[in-house]
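What follows is a set of notes on a single structure, which appears directly below.
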Number of protein chains: 2
Amino acid sequence: MRLRICTWNVNSVRLRVEQVARFVAEQQPDVLCMQEIKCQAPEFPREAFEAMGLPHLAIAGQKGWHGVATASRLPLEPGADWGACREGHARSVAVKVQGVEIQNFYIPAGGDIPDRTLNPKFDHKLDFLERLSAKAAAAGPKAPLVITGDFNVAPGEFDVWSHKQMLKIVSHTPIELAAIEKLRASAGFVDLVRETTPDPTKLFSWWSYRAADFRASNRGLRLDHIWATPALHAQAFAGRGAEARIHDDVRAWERPSDHAPVIADLAL
Amino acid sequence: MRLRICTWNVNSVRLRVEQVARFVAEQQPDVLCMQEIKCQAPEFPREAFEAMGLPHLAIAGQKGWHGVATASRLPLEPGADWGACREGHARSVAVKVQGVEIQNFYIPAGGDIPDRTLNPKFDHKLDFLERLSAKAAAAGPKAPLVITGDFNVAPGEFDVWSHKQMLKIVSHTPIELAAIEKLRASAGFVDLVRETTPDPTKLFSWWSYRAADFRASNRGLRLDHIWATPALHAQAFAGRGAEARIHDDVRAWERPSDHAPVIADLAL
DNA sequence: GGCGTTCACG
DNA sequence: CGTGAACGCC
């Protein structure tokens with residue numbers, strides 16, 4: 001079977017249900033991992049997701065900020081909580097579906113100053129990444145595991161509109177690049193979108209709301225990722241390469257999220 | 001010629017331009033008197049009104065609150081400012097069109113407690129009404145004058161969903177009923193909607209947002225009025241009665257104002 | 001620039 | 001309930 005996994009920072013699920021419903025109708029993901037739902041679990045628009053054909057929900061919500069949820073066409077089992085957030089924010093939710101564990105993360109943005117001694121938010125981001133690395137290493141490359149979400153890091157030179165300029169900006173600083181590479185290497189994860197479309201093609205999944213015309217300036221970043229362990233990758237893409245892409249057309253819809261959805265198709 | 005005058009508390013003109021454009025396209029008012037535009041004059045969506053065929057504008061705006069504007073198909077001359085608002089709010093704008101003076105008011109709501117000694121907002125409302133009465137008396141019954149707007153008073157027993165219950169509620173208390181009757185009598189104004197549809201037919205132009213289904217509960221008030229002096233009434237409705245009505249269907253549109261527009265057709 | 005918050009207002 | 005305001009966050 002095909003398992004279509006999607007990650008999307010929706011920037012308020014209540015405000016964006018219609019766009020989510022349209023995207024789900026058009027692309028038919030089997031599992032939709034959302035970040036920044038910005039509501040508590042009881043406020044989550046369950047009925048709308050039932051109507052979309054994604055009735056199985058795992059929600060980690062909190063008031064106003066952050067919040068993640070995974071919605072599925074197929075029944076979900078709970079996954080292990082990796083306890084990555086030292087601040088107690090609702091930034092991760094784990095599920096198991098069709099024998100695959102899917103860890104859905106909203107990694108802290110990290111504020112403006114890329115110095116962990118000066119900026120507690122940046123310290124928190126790095127701490128979060130370090131905790132993920134430890135858990136992923138413990139899981140190992142043979143686990144049938146996907147980690148996905150808004151990682152708030154653009155890992156590669158071709159994941160930012162200007163590598164040179166972005167090296168000074170939180171999301172692409174050398175310390176973050178080292179931390180995200182350490183996370184990737186911890187279980188040998190394969191970045192499915194980048195495997196599908198290798199360097200040097202530039203790929204972005206986020207564009208600031210501040211640009212009048214995001215297409216024209218195209219100052220994007222690739223912050224949203226779907227990573228598979230080597231064992232799962234071998235199983236899901238036996239012989240072929242990964243099939244994953246960013247649906248950047250969605251960023252041009254009416255009242256969009258600042259993030260575009262990302263889809264990967266696993267053959268299980 | 002027919003002069004179609006409309007009054008409408010739009011509750012934010014910037015948020016409601018589309019509904020205003022639809023209503024103007026459907027009903028073709030010649031003069032549209034708006035209240036609660038909730039913006040400063042430079043923020044007023046002039047282009048949208050030009051596109052609607054109402055390019056002539058008289059705007060009294062302020063930041064965030066209140067604000068009135070009169071938009072016209074025909075050129076406007078400025079009318080005399082009656083200086084009714086002691087607080088300096090943008091609550092009135094006066095124009096002359098086709099020889100008729102149109103005074104557009106957003107009379108203060110007056111807070112919750114109907115006691116001028118305890119509640120400065122209620123005192124302000126009564127002061128505003130008293131100042132209007134003095135100015136209207138000075139203008140006299142022979143002036144070609146319309147006063148219109150959101151008066152925030154339901155003057156008659158059949159202008160409220162429950163006369164008995166509303167007598168204790170600001171907008172229909174005995175002291176307000178006396179003040180609004182004094183204003184009416186000051187120049188012998190004719191209430192064009194009530195003349196068109198006499199007592200005991202209940203007529204409302206406002207329904208609270210708080211009711212889930214405003215039609216079902218129908219706890220409305222008639223707060224929005226178009227009043228003509230006797231001389232203008234005699235000229236505009238010679239022989240016949242007035243032709244004025246409340247477009248309450250608009251209250252059921254998507255994202256509506258809590259007030260419905262009111263139209264009167266004058267034959268000049 | 002577009003989300004959430006709390007607040008005042010109607 | 002649904003507008004504005006000011007503020008925090010990304």
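In what follows, chains carry the letters A, B, and so on, assigned in the order in which the sequence lines appear, proteins first and then strands, with residues in each chain numbered from 1.
Comparing atom distances between the W65(A) side chain and each of dG1(C), dA8(C), dC9(D) picks out dC9(D) as nearest. The side chain of K121(B) approaches dC9(C) more closely than any other nucleotide in the set dC9(C), dT6(C), dG1(C). The side chain of A109(A) approaches dC10(D) more closely than any other nucleotide in the set dT3(D), dC10(D), dG4(C). Distance from the side chain of H66(A) is smallest for dC10(D) among the nucleotides dT3(D), dC10(D), dC3(C). Checking dC3(C), dG10(C), dG1(C) against every side-chain atom of R210(A), the shortest atom distance belongs to dG1(C). Looking at the side chain of K63(B), the nearest of the listed nucleotides dT5(C), dA5(D), dC3(C) is dA5(D). Of the candidates dC10(D), dC3(C), dT3(D), the closest approach to any side-chain atom of S12(A) belongs to dC3(C).
The distance between atom CD of Q62(B) and atom P of dA5(D), rounded to the nearest whole Å, is 11 Å. Atoms CE (M166(B)) and P (dG10(C)) sit 15 Å apart, rounded to a whole Å. Rounded to whole Å, the distance from CD on Q35(B) to P on dT3(D) is 17 Å. Between the CG atom of L15(B) and the P atom of dG4(D) there is a distance of 5 Å, rounded to whole Å. As a whole-Å value, the separation of H89(A) NE2 from dC10(D) P is 9 Å. D258(B) places its CG atom 17 Å from the P atom of dC9(C), with the value rounded to the nearest Å. Summarising the geometry, the separation between CG on D112(A) and C1' on dC10(D) is reported as 9 Å, rounded to the nearest angstrom. Separating the CD1 atom of I107(B) from the P atom of dC9(C) is a distance of 20 Å, rounded to the nearest angstrom.
Heavy-atom contacts from other residues, nucleotides or ligands closer than 6.0 Å to CD of E87(A) number more than 12.
Side chain to side chain, E176(A) and S171(A) fail the donor-acceptor criterion of an N or O pair below 3.5 Å.
Closest approach of D123(B) and R116(B) over heavy atoms only: OD1-NE, 2.8 Å.
If you check distances only, the side chain of R255(B) never reaches the base of dC1(D) with a donor-acceptor pair under 3.5 Å.
The residue among I37(A) and Y209(A) whose nearest nucleotide of DNA chain C is located toward the 5' end is Y209(A).
Salt-bridge annotation for D112(B) and K121(B): absent, with no side-chain N of the basic residue lying under 4.0 Å from a carboxylate O of the acidic one.
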**Study point:** Derivation and outcome, side-chain hydrogen bond (donor to acceptor under 3.5 Å, both in side chains), residues Q103(A) and S92(A)
**Key:** CA-CA 7 Å; Q103(A) 291 278 350; S92(A) 59; 5.6 Å; no

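OP1 or OP2 of dT3(D) sits under 4.0 Å from a side-chain N or O of R16(B).
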